[in-house]
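Structure first, commentary second.
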Amino acid sequence: MSKSRTAPDFWLMASILGLLAIGIVMVYSAGSVLAFHDYGDSFYFVKRQLLFAVLGLVAMFLMMNFDYRLLRKYAKVGLLICFALLVIVLIPGIGVVRGGARSWLGISSFGIQPSEFMKLGMILFLSYFLSQEDYKITNFAKGLLPPLGVIGLAFGLIMLQPDLGTGTVMLGASLLIVFTAGARILHLAGLAGLGALGFVGLILAAPYRLKRITAFLDPWSDPLGAGYQIIQSLYAIGPGGLAGLGLGMSRQKYSYVPEPQTDFIFSILAEELGFIGGLLVLLLFLILVWRGMRVAMTIDDTFGSLLAVGIVGMVAVQVVINIGVVIGLMPVTGITLPLISYGGSSLTLMLTALGILLNLSRYAR
């Protein structure tokens with residue numbers, strides 16, 4: 001690999017900053033009514049989002065400006081720390097319950113989600129582990145099962161919270177790394193079948209998940225219960241039309257769409273900025289994925305290539321699920337829209353991960 005570094009990929013950087021700017025504007029617009037009602041301050045959410053955006057940008061800048069190969073040394077330790085946090089958060093009295101899940105560590109309204117750290121920690125570890133020269137991932141027992149065991153353990157701990165959405169994102173990004181590393185399709189297909197059965201079991205084991213599935217198939221079967229979020233989201237998107245009602249003019253943010261600044265922020269964006277605004281956001285995400293995959297394909301280092309694939313996969317899986325839920329193509333899950341939705345842990349960790357991707361772009365051909 002060339003030892004010289006170039007400037008970070010311009011289009012990748014521009015898409016990240018563009019999405020972040022749109023996100024800050026939309027967090028204020030979507031959350032101002034709820035913020036004033038609950039906290040007496042219309043700027044409550046956006047001020048906190050700006051704080052975490054600054055912290056995230058600092059972390060992104062730091063991650064962008066060093067030799068990324070040094071991350072190999074911290075892959076194992078980082079994963080162990082993430083596992084420790086996932087165990088600690090499950091302890092009653094320490095882990096904080098929000099939205100029905102014991103997934104937070106912190107004091108009062110400030111907190112972190114260990115599962116968010118695990119997404120990046122797992123990507124870093126798998127990229128290191130599977131890039132070793134003598135590793136034979138084509139061997140099912142000695143090559144494929146060890147990383148899958150680590151992934152399964154992390155997924156299991158996340159499901160104990162429970163947090164199916166974050167667990168699914170981590171699982172999707174991890175399996176993309178495993179596939180890219182050279183795992184046999186036949187092995188993965190067989191495991192995918194078992195995984196599908198496992199997901200069915202997880203859905204049947206929790207009544208609220210089953211209600212989300214039935215609400216996805218027919219929201220009007222329970223319009224004031226499990227189908228409420230999907231119906232209100234579609235009520236927001238529909239009137240947006242081509243150009244939207246105008247920035248700040250959403251009707252659904254007036255306590256119709258629950259928590260409009262987080263999981264369903266895209267529906268408010270579509271209502272206010274219309275098809276044009278929604279398409280702009282999707283185009284920026286497509287540019288991010290395109291340039292990120294270009295980095296993965298043109299960097300000479302296997303570790304760097306797998307790391308880029310994992311980070312891009314994490315973003316892509318999260319975007320597909322979030323927007324799929326908002327427009328009624330997927331059952332409701334608690335997943336934020338990267339760089340757009342309100343959230344301290346998710347925003348800071350996402351910018352940190354994208355800082356690593358920008359670092360990798362400096363070494364790509």
Side-chain angles (χ1 to χ4, degrees), residues 71 74-107 110-130 144-178 188 191-192 194-210 212 263 307 310-311 313-315 317-318 321-322 331-336 338 343-350 352-353:
L71 291 172
Y74 306 104
K76 293 181 180 178
V77 174
L79 186 69
L80 290 175
I81 292 173
C82 291
F83 270 117
L85 290 173
L86 285 182
V87 172
I88 291 171
V89 79
L90 295 174
I91 301 174
I94 298 180
V96 179
V97 178
R98 294 183 187 175
R102 190 181 299 277
S103 57
W104 291 82
L105 292 173
I107 301 174
F110 283 94
I112 62 170
Q113 275 185 286
S115 55
E116 292 287 340
F117 287 82
M118 177 53 82
K119 288 192 296 189
L120 182 56
M122 184 62 71
I123 290 170
L124 180 59
F125 172 77
L126 290 175
S127 301
Y128 153 75
F129 189 69
L130 298 178
L144 183 59
L145 285 185
L148 289 183
V150 177
I151 296 169
L153 178 59
F155 182 75
L157 288 173
I158 293 174
M159 287 308 303
L160 289 176
Q161 297 178 5
D163 188 352
L164 180 60
T166 303
T168 301
V169 173
M170 186 214 69
L171 189 63
S174 300
L175 291 179
L176 186 59
I177 295 174
V178 171
L188 292 177
L191 291 170
L194 293 175
L197 292 175
F199 265 100
V200 172
L202 288 172
I203 291 170
L204 295 176
Y208 77 92
R209 293 190 193 120
L210 186 59
R212 287 181 175 180
D263 300 353
L307 192 54
I311 293 171
M314 177 178 68
V315 175
V317 171
Q318 201 163 327
I321 294 176
N322 178 275
V332 174
T333 55
I335 293 181
T336 57
S345 297
S346 58
L347 179 61
T348 305
L349 264 292
M350 183 59 68
T352 301

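Worth knowing before you read on, the calculation uses all heavy atoms, side chains too, and leaves out hydrogens, waters and symmetry mates. Predicted model only: the values in this text are computed from it and were never measured. Nothing fancy with the numbering, it's 1 onward along the sequence.
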Check whether [X] reaches the backbone of [Y] with its side chain - one donor and one acceptor, N or O, closer than 3.5 Å.
{"X": "Gln318", "Y": "Ile335", "answer": "no"}
{"X": "Ser115", "Y": "Thr166", "answer": "no"}
{"X": "Asp263", "Y": "Asn322", "answer": "no"}

In Å, rounded to the nearest 0.5 Å, how long is the span from [atom1] of [X] to [atom2] of [Y]?
{"X": "Leu85", "Y": "Glu116", "atom1": "CG", "atom2": "CD", "result": "12.5 Å"}
{"X": "Leu144", "Y": "Leu188", "atom1": "CG", "atom2": "CG", "result": "6.0 Å"}
{"X": "Thr352", "Y": "Ile311", "atom1": "OG1", "atom2": "CD1", "result": "10.0 Å"}
{"X": "Gln161", "Y": "Trp104", "atom1": "CD", "atom2": "CH2", "result": "10.5 Å"}
{"X": "Thr168", "Y": "Phe155", "atom1": "OG1", "atom2": "CZ", "result": "5.5 Å"}

Which atom of [X] lies closest to which atom of [Y], heavy atoms considered:
{"X": "Met118", "Y": "Leu86", "value": "CE-CD1, 3.6 Å"}
{"X": "Ala353", "Y": "Leu120", "value": "CB-CD1, 3.9 Å"}
{"X": "Leu126", "Y": "Pro147", "value": "CD2-CB, 3.9 Å"}
{"X": "Cys82", "Y": "Gly121", "value": "SG-CA, 4.2 Å"}
{"X": "Ala173", "Y": "Gly310", "value": "CB-O, 3.8 Å"}

With a 4.5 Å limit on heavy-atom distance, are the side chains of [X] and [Y] in contact?
{"X": "Phe83", "Y": "Val150", "answer": "yes"}
{"X": "Met170", "Y": "Ile158", "answer": "yes"}
{"X": "Val89", "Y": "Gln113", "answer": "no"}
{"X": "Val317", "Y": "Leu176", "answer": "no"}
{"X": "Leu105", "Y": "Val96", "answer": "no"}
{"X": "Met350", "Y": "Met314", "answer": "yes"}

Residue list, ring pair (Phe, Tyr, Trp, His ring centres under 6.0 Å) with Phe117, at least two apart or on another chain: none

Residue pair Leu175, Leu148: steps toward the side-chain contact (heavy atoms from CB on, under 4.5 Å) verdict: CA-CA 8 Å; Leu175 291 179; Leu148 289 183; 3.8 Å; yes

Full working for side-chain contact (heavy atoms from CB on, under 4.5 Å) between Leu124 and Leu79: CA-CA 8 Å; Leu124 180 59; Leu79 186 69; over 6 Å; no

